[in-house]
Amino acid sequence: MKIVDFVSTGSVEQASTVLKQLGAKGILMAGGTAFHFFSSEDEKTAVVPDDEQLKFISENNGFFEIGSFASISDLREFSNQGWVLDRVAEEFATQQIRNMSTLGGNISQVFPWSDFPVVLLALSAEINVLEEKESRAYEAVDFFRQQPGKFLKNGKIVKSVKIPVLEKGEGFGYKKEKRTNAAFSTLTVAVYVKLEKGSIKDIKIVSGASMGMPKRLGIIENELKGKKADTGMLKEKVKALAGQYSWKGKEGTTKEYAGCLAQTRITDAIVEAFNEAESEVE
Amino acid sequence: MKKISFTLNGEEKEFVLDSADEKLLNLLRRYGYKGTKWGCGEGACGTCTVILNGKTVYSCITYAFLAEGSEIWTIEGMGTRKNPHPIQKALVKEGAVQCGYCIPGMVLSAKAMFDKIPSPNDLEIREYMDGNLCRCTGYEKIYTALKKVAESNAEGGK
Ligand SMILES: Cc1cc2nc3c(=O)[nH]c(=O)nc-3n(C[C@H](O)[C@H](O)[C@H](O)COP(=O)(O)OP(=O)(O)OC[C@H]3O[C@@H](n4cnc5c(N)ncnc54)[C@H](O)[C@@H]3O)c2cc1C
């Protein structure tokens, strides 16, 4: 993408107005790290809001709210009981990219390798979008139903994201497979689990990269719900069911390899979530 | 073309962009700050690393206009031949500099780390330095040098 002009605005509302005026010629820029991957034919005017207003992480009524301009480093450095995004941020690219990239930028234009869409789907996040001067809340499942970049037009801007504070009995797991430390993922798996008396009351398993765009693994979820949180049973079920999905080979690997990798990493992510849910931390 | 201004190595300066698409690395080098190196050009190798508002960024993929009003440090602001920065001294002392091409970026990443965590542990060093590649040293001597700086900081910077 070629940036032919730029406009710095104050508030996000002003940015939205400017974007509406520019129409197809305008594009919101946060960290600008994804621009590298856009077609170099397109000529655009970058609209850059004053990011300070949307650079926050707060906790209220059982939820964390994260401003869309919070960087991946901000997510990494934040630490609180029930906060899990630091574990995802740690796996994200390199320090320089974590410093520049924002959460909003990561979820507004989804690539198969994108880390946070998978995670926000597993955590049943709520995404607040500025539309026509008002905010509208989308459930993650609706937000990611199509490429968000397709409907985030006409001045629509992601303002914040809400995720639950994980409580006792709840757990989260994230596994990212990559060829080298800083490489894009060949497979991502995010898991949320809620255990009650040692049984799986609720589970959400989402995978990306090898899967293409992020996808809930409903067949495996349904088979696990209600069962005891037992690693032996889990391994057996995942082994039997992972093959029902189509896994694409990435970065020179075969689809058979991708399938085996998926089996292992889905199991690992669920075990990570079980362990957290079973831990005694208050 | 549009002008931007930012504080570079402690001095307020004005720059004329050659286009809105210009990246910070290009702008710095056009103005003579050639210690910041051109490497991969796609945000992977780290030799173009500079510190922007206290955080390291890859200047090869950072749009120059995003630097407006910010504070930037490049290798030219770190030390001189006669009076090297303690990080530079440690790297030389440990024999961590071979071809030297990655070193400006390494020094800036290390500076951002020590400014935030004066005495980082091994894992923190690996995390803060994970965006800088070196093709000569195998990293061990670089890490040894940084550990020595961390130890010296823990002892009060002796
Ligand atoms: C070397 C390198 C390594 C990378 N590694 C990873 C990785 O490990 N994992 C990963 O997931 N990604 C990775 N990426 C991709 C990229 O950095 C991320 O997608 C990043 O999170 C984008 O954030 P940004 O703030 O830079 O967004 P930008 O590049 O500024 O914007 C991306 C898109 O989102 C839109 N947008 C931005 N913010 C908003 C908003 N608030 N509301 C509406 N639309 C918005 C923009 O208009 C644009 O279309 C990598 C990129 C590079 C260059």
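Remember, it's a predicted structure, so these values are computed and weren't measured experimentally. In what follows, chains carry the letters A, B, and so on, assigned in the order in which the sequence lines appear, proteins first and then strands, with residues in each chain numbered from 1.
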In terms of heavy-atom pairs under 4.5 Å, which option from A:T45, A:I97, A:V4, A:T33 contacts chain B the most?
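Most heavy-atom pairs within the cutoff with chain B belong to A:I97.
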Where does [X] contact chain A at under 4.5 Å (heavy atoms): side chain, backbone, both or neither?
| X | value |
| --- | --- |
| B:L66 | side chain |
| B:E22 | neither |
| B:L133 | neither |
| B:K23 | neither |

Enter the distance from A:H36:NE2 to B:E42:CD here, rounded to the nearest 0.5 Å.
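The distance works out to 5.0 Å.
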So how far is it from B:M129 CE to A:T94 OG1, rounded to the nearest 0.5 Å?
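One finds 11.5 Å between CE of B:M129 and OG1 of A:T94.
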For a quick test of reading the model, state the closest non-hydrogen atom pair linking A:Q96 to B:S109 and the distance between them.
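Result for this residue pair: NE2-OG, 3.4 Å.
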Closest non-hydrogen atom pair between A:A93 and B:D130, with its separation:
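Smallest heavy-atom distance, with atoms named: O-OD2, 3.8 Å.
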For [X], look at atom [atom1] and say whether over 12 heavy atoms of other residues, nucleotides or ligands are found less than 6.0 Å away.
| X | atom1 | answer |
| --- | --- | --- |
| A:K178 | NZ | yes |
| A:Y257 | OH | no |
| B:E14 | CD | yes |
| A:N154 | CG | no |
| A:K20 | NZ | yes |
| B:K116 | NZ | no |

Could you walk me through whether A:S73 and B:K55 pass the side-chain contact (heavy atoms from CB on, under 4.5 Å) check?
CA-CA 9 Å; A:S73 291; B:K55 304 239 173 185; 3.9 Å; yes
Contact check, side chains of A:N99 and B:L52, non-hydrogen atoms, under 4.5 Å:
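No, their side chains stay 4.5 Å or more apart.
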Minimum side-chain heavy-atom gap A:M29-B:F65 below 4.5 Å
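Sidechains of B:F65 and A:M29: in contact.
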Which bit of A:E43 is near chain B, if near means a heavy-atom gap under 4.5 Å: side chain, backbone, both or neither?
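No part of A:E43 comes within 4.5 Å of chain B.
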Give, as side chain, backbone, both or neither, the part of A:A34 having an atom under 4.5 angstrom from any heavy atom of chain B.
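For A:A34, neither part sits under 4.5 Å from chain B.
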Between A:V48 and B:Y63, is the side-chain contact (heavy atoms from CB on, under 4.5 Å) condition met? List the steps.
CA-CA 11 Å; A:V48 192; B:Y63 287 88; over 6 Å; no
Pair A:Q95, B:N132: side-chain N/O donor-acceptor within cut-off below 3.5 Å:
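There is no such pair between these side chains.
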Do any N or O atoms from the side chain of B:D21 and from the backbone of A:I3 form a donor-acceptor pair under 3.5 angstrom?
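Yes: the side chain of B:D21 pairs with the backbone of A:I3.
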